[in-house]
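Have a look at the structure below before the remarks.
This is a predicted model, so every value here is computed, not measured. One-based numbering, in listed order, for ligands and for the atoms of each.
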Amino acid sequence: MKNLTADQLREMYLSFFESKGHKRIPGASVIPENDPTVLFTTAGMHPLVPYLMGAMEHPAGTRLTDVQKCVRTGDIDEVGDAAHLTFFEMLGNWSLNDYFKKEAISWSFEFLTKHLGFSPDQLSVTVFRGEGREGESGYIPADEEAVEIWKSMGIPDERIFRLPREDNWWGPAGTTGPCGPDTEMFIDTGKEKCGPECRPGCHCGKYIEIWNDVFMQYNKNAEGKFEPLGRHNVDTGMGVERTICMMSGAPTVYDTEIFAPIMAKIDELRGTGSGEQGTDLGEEETLRARRIIADHMRTATFILCDPKGGVKPGNIGANYVLRRLIRRAVRYARMLGIGEGFTVKLAETICEKYSHVYPELKANLEQCRIDLEAEERRFNATLDKGEAMYRKVAEQLKLHNQTQISGKTAFKLYDTFGFPLEMTVEMATKDGLTVDKEGFDEANRKHQELSRTTSAGSFKAGLQDNSEVVTRMHTATHLLHAALHKVLGPTANQKGSNITAERLRFDFTWPEPMTAEQKAEVEKLVNQWIKDAIPVTKKMTTVEEAKAEGAMALFGSKYGDQVSLYSIGDISKEICCGPHVENTSELGSFKIQKEQSSSAGVRRIKAVIGNM
Ligand code: SER
């Protein structure tokens, strides 16, 4: 095995596939351009879907190769182990109805063994085992063709694993589009099997997946059925970080040259924090915390510096994912005794490491600094307050010789001070205390019920000043906002709203006129939610807490210490003064009357609700 840098690996890969007739194309933005089905680009296929479907011809031809920045947060809880990351680079080669299995597999094998120097003995592969019965609908045969090709490369049958759809099928998650069986390549690290069932795909760390060749022969249609696509595409993806890790023999991706400067910076920053933080983490927890900080800050930096832009720490969709990454990094940094301002310092290190490959990092660093700084400061303030309150609670308990924080108290810390339950548990564990988590859930539930009653009260009170129809319009506005997010994505944010007894008016950020389909879809969603008779609840909380729960708010607005948070089932959560109806069924039918430009980059919808 060679010990390559990521720079060398990218170049070797792209030129290898150039030598096989592929054209280099640039990778896409990590914030999807035209795909509302995903919050981030999770694979190289997103920008290539129209070409994979055969809807149009790619200007660079039928054989393409690229490097794609990917963000996947589905496995966020596994970050910190040897191989999981929320951001990674994926090398890809593509056949747009050109070559198929034989070429794809034999080139993968050639590159892995001849160019990267892996021994064929280190390789284990998986293939799709098929499903259904021949002659019956839904039948998809096992991929024996791939098995035969691997055998002809010298991979023995015992290292070819035939696995079901969960393991060996690739396509856009949960949506329609091109897809098909795949064959995945794993490096056997030589570790002991974790048990008799241990095989590639097992998470114990014996087998690390580094490459996946997808044979896109199918299209998943709107009914969820797989119909032959009538084309044979290949979509392959090789993970840069994992491959470098396996080649260098490093125990984890964080021990590679890729992460070296980031980890070094984290260590340099330790001890810059104040107080007693960071003194009592065990060795394993410390390791994990360092990795989580490194991973999350790398992802956050790439998102904030993305050339498409538009994702900022916030409360919904992609904005929320970004906020969660930054806030998680802040929490772990505090545990390690890393002082304020670390997010910006790490972003600078990451920018230095990558900007020769991704110039957008340098170009957008200034804005990235501003956003990180603000978010770190906001969250630290919340945590400071929460921690101080927690300490008071802990002292009281000690004074009374008690060892358990009641559910009610934990809930108060959460509800009033925005202090996450997991932090209470964490701090309590360190202090030798326990937390009544069931009691917490119970308190949470009671609070919700109580809020509903109060909301009924304030609803009645509100009627004195607000005509009934305005109240209904008001709730319809929340539903409209939620529907716009669903249909247009998280960037369709409220800019303003104005309600009279005749109509509601809603301004939101969106660069172009909505299509007829989009308008119809929004109407359909709102009317469906009205039909679903969803209860509207209200609770009093703090702005920080409401935002932490994912509530929408008008940014830039000034809110008092306590705000009311209105929830419509799990459809919508907004900080708002109300009043609102108690149940969406009170609204009557919803109709968009007009959708027009309001100002640059802002659209305006006028809508009405019919009488009940
Ligand atoms: N899209 C496939 C994957 O992510 C191969 O590129 O594994």
Side-chain angles (χ1 to χ4, degrees), residues 9-10 13-14 16-17 22 24-28 30 32 35 37-53 58 63-75 78 83-96 98-101 103-105 107-109 111-112 124-128 143 146 161 163-187 200-201 203 207-220 229 231-243 246 253 299:
L9 174 62
R10 277 186 222 100
Y13 185 98
L14 297 171
F16 174 78
F17 282 99
H22 294 64
R24 280 188 204 210
I25 57 165
V30 86
D35 191 344
T37 64
V38 282
L39 295 178
F40 295 104
T41 300
T42 61
M45 74 174 282
H46 295 299
L48 293 174
V49 168
Y51 311 106
L52 292 164
M53 294 294 288
H58 196 285
R63 295 183 182 196
L64 312 172
T65 182
D66 64 3
V67 189
Q68 179 59 52
K69 302 178 285 182
C70 301
V71 169
R72 291 186 192 175
T73 52
D75 289 332
E78 287 180 57
H84 283 91
L85 295 165
T86 57
F87 170 89
F88 63 98
E89 290 177 89
M90 190 148 70
L91 298 160
N93 56 286
W94 307 84
S95 158
L96 302 174
D98 185 323
Y99 60 85
F100 206 42
K101 293 185 193 180
E103 294 87 341
I105 294 178
W107 290 338
S108 289
F109 184 78
F111 187 67
L112 286 173
S124 287
V125 301
T126 61
V127 302
F128 182 55
D143 198 352
F161 295 78
L163 301 179
R165 176 193 298 282
E166 297 90 85
D167 298 88
N168 281 87
W169 190 272
W170 174 267
T175 55
T176 57
C179 55
D182 67 34
T183 178
E184 303 183 3
M185 289 151 261
F186 292 76
I187 301 299
H203 282 296
Y207 299 100
I208 303 290
E209 184 198 344
I210 58 167
W211 203 347
N212 181 13
D213 290 357
V214 188
F215 309 117
M216 291 186 158
Q217 306 151 264
Y218 295 90
N219 175 43
K220 189 174 174 192
L229 186 58
R231 293 169 64 82
H232 50 267
N233 303 307
V234 173
D235 153 9
T236 97
M238 171 186 252
V240 170
E241 292 82 352
R242 289 184 179 186
T243 305
M246 289 297 107
V253 287
T299 311

### Query
Does the E241 side chain pair with the main chain of E89, one donor and one acceptor, at a distance under 3.5 Å?
yes
### Message
Assess the residue pair N93 and T236 against the criterion (side-chain hydrogen bond (donor to acceptor under 3.5 Å, both in side chains)); give the C-alpha distance rounded to whole Å, side-chain angles, the decisive distance to 0.1 Å, and a yes or no.
### Response
CA-CA 5 Å; N93 56 286; T236 97; 2.6 Å; yes
### Query
Would you call the rings of H203 and H84 parallel, tilted or perpendicular if under 30° counts as parallel and over 60° as perpendicular?
tilted
### Task
Applying ring-ring contact (aromatic ring centres under 6.0 Å, His included), name anything that partners F40, two or more places apart in sequence or on another chain.
none
### Task
Apply the side chain to side chain contact (heavy atoms under 4.5 Å, CB included) test between D98 and each candidate in R63, H22, E103; give the one that qualifies.
R63
I'd like a table of the close N/O pairs between ligand 1 and the protein (anything under 3.5 Å), one pair per line with both atom names and the distance.
from: ligand 1; atom 1: 1 (N); to: W170; atom 2: NE1; distance (Å): 3.0
from: ligand 1; atom 1: 1 (N); to: D235; atom 2: OD2; distance (Å): 3.2
from: ligand 1; atom 1: 4 (O); to: R72; atom 2: NH2; distance (Å): 2.7
from: ligand 1; atom 1: 6 (O); to: D235; atom 2: OD1; distance (Å): 2.5
from: ligand 1; atom 1: 6 (O); to: T236; atom 2: O; distance (Å): 3.3
from: ligand 1; atom 1: 6 (O); to: G237; atom 2: N; distance (Å): 3.2
from: ligand 1; atom 1: 7 (O); to: N212; atom 2: ND2; distance (Å): 2.9

### Message
So does A28 get a backbone contact from the side chain of Q68, meaning a donor-acceptor N/O pair under 3.5 Å?
### Response
yes
